[in-house]
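Here the structure is a predicted model, which is why all the values come from computation and not from measurement. Numbered from 1 within each chain, the chains take letters A, B, ... in sequence-line order. Because only heavy atoms are used, hydrogens play no part in the values below, and waters and symmetry mates are left out as well, while side chains stay in.
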Amino acid sequence: MISKKLPREFYERPTLQVARELIGKQIVYRHPKGELSAKIVEVEAYLGSGDPASHAARGKTGRNSIMFGPGGYSYIYFVYGMYHCLNFVAETESKAAAILLRGAEPEEGLEIMQYHSPGKRITDLLKGPGCFCRSFGLSTKQSGLDLTKDTLYLEDRSRKRKSIEETTRVGIKVGTDKLWRFYDKESLAVSAKRNVKG
DNA sequence: TGAATGATGCGCT
DNA sequence: GCGCATCATTCAT
């Protein structure tokens, strides 16, 4: 069975719908040292207009200009002086929306991930947006990649329906009333549950 | 075991 | 010059 790479049409749809369907998809990155892959288990949606927590909320700037382009591109930014966060641009050029990847379960390329994040347990390697980029070796140099090309892309490998939970977003101070965080309830690789009530 | 806080640099005002 | 879509360590219990 040949893997099915997600086409641009997948991304150029309503952001919340794309975010929900990203759970359980496979992310593949052709690292210089080998192929890395993981199963997505946690994402957050960031809409352009009407979402004060989005980087695009206050208009187009040099950093967020990728969000204002077509869907199906990577948007990686640097934050807190040490960490990077990976986003997938959603919608078309008419809307500046993106989806933040917050957690995944490692599958292929474990040695490379552990090389980037020494001493981490397998389930923790890709837990949290900063950890994910560090283990995958992603930085702002990988921002703006076309996800329909072969360097970084997503695959639809498992067609099983996941038990998806919807909660508020994490790590922001505005827009915290929106239930725009999606994660796989059964996964151990889901990051901080600060806003989640048990 | 859980909560608080320091680290650290870039983009924006 | 300030704030940030975070993480690891420290300190308190």
Between C1' on dC7(C) and NZ on K127(A), what's the gap in Å once rounded to a whole number?
12 Å
Just call it for L100(A): base, sugar-phosphate, or nothing, with non-hydrogen atoms closer than 4.0 Å on any strand.
base
Tell me the interatomic distance from N87(A), atom CG, to dC4(C), atom P, rounded to whole angstroms.
17 Å
Does one side chain, of S135(A) or S117(A), offer a donor that lies under 3.5 Å from an acceptor on the other?
yes
Please determine if a side-chain N or O atom of K120(A) lies less than 4.0 Å away from the OP1 or OP2 oxygen of dA8(C).
yes
Atom CE of M82(A) and atom C1' of dG3(C): how far apart are they, to the nearest Å?
14 Å
Atom-pair distance (NE2 on H55(A); P on dT6(C)), nearest Å:
9 Å
Tell me: CG of L126(A) to P of dC7(C), nearest whole Å?
12 Å
Going by atom types alone, do E105(A) and T123(A) pair a side-chain donor with an acceptor below 3.5 Å?
no
Is a donor from one side chain sitting under 3.5 angstrom from an acceptor on the other, for R8(A) and T148(A)?
yes
Hydrophobic cluster (4.5 angstrom, side-chain heavy atoms) - remaining members for Y46(A):
I66(A), M67(A), F68(A), Y73(A), Y75(A), Y77(A), V79(A), Y80(A), M82(A), Y83(A), V89(A), L100(A), I172(A)
Nucleotide-level pairing of DNA chain B, given in dot-bracket where Watson-Crick and G-U pairs need both distances under 3.5 Å and | marks other strands:
|||||||.||||.
Name the nucleic acid region contacted by Y46(A), choosing base, sugar-phosphate or nothing; use a 4.0 angstrom heavy-atom cut-off, strictly under.
base
Below 4.0 angstrom from OP1 or OP2 of dT6(C), is there any side-chain N or O of Y83(A)?
no
The first and last nucleotides of DNA chain B lying within contact of chain A, meaning any atom under 4.0 Å from one of its heavy atoms, run from dA7(B) to dT13(B)
Is the closest side-chain donor-acceptor distance between E107(A) and S37(A) under 3.5 Å?
no
Between atom CZ in F78(A) and atom P in dC7(C), what is the gap in whole Å?
13 Å
Between dA8(C) atom C1' and D124(A) atom CG, what is the distance in whole Å?
12 Å
Side chain of V79(A) (C-beta onward), nearest among dA8(C), dC4(C), dC7(C):
dC4(C)
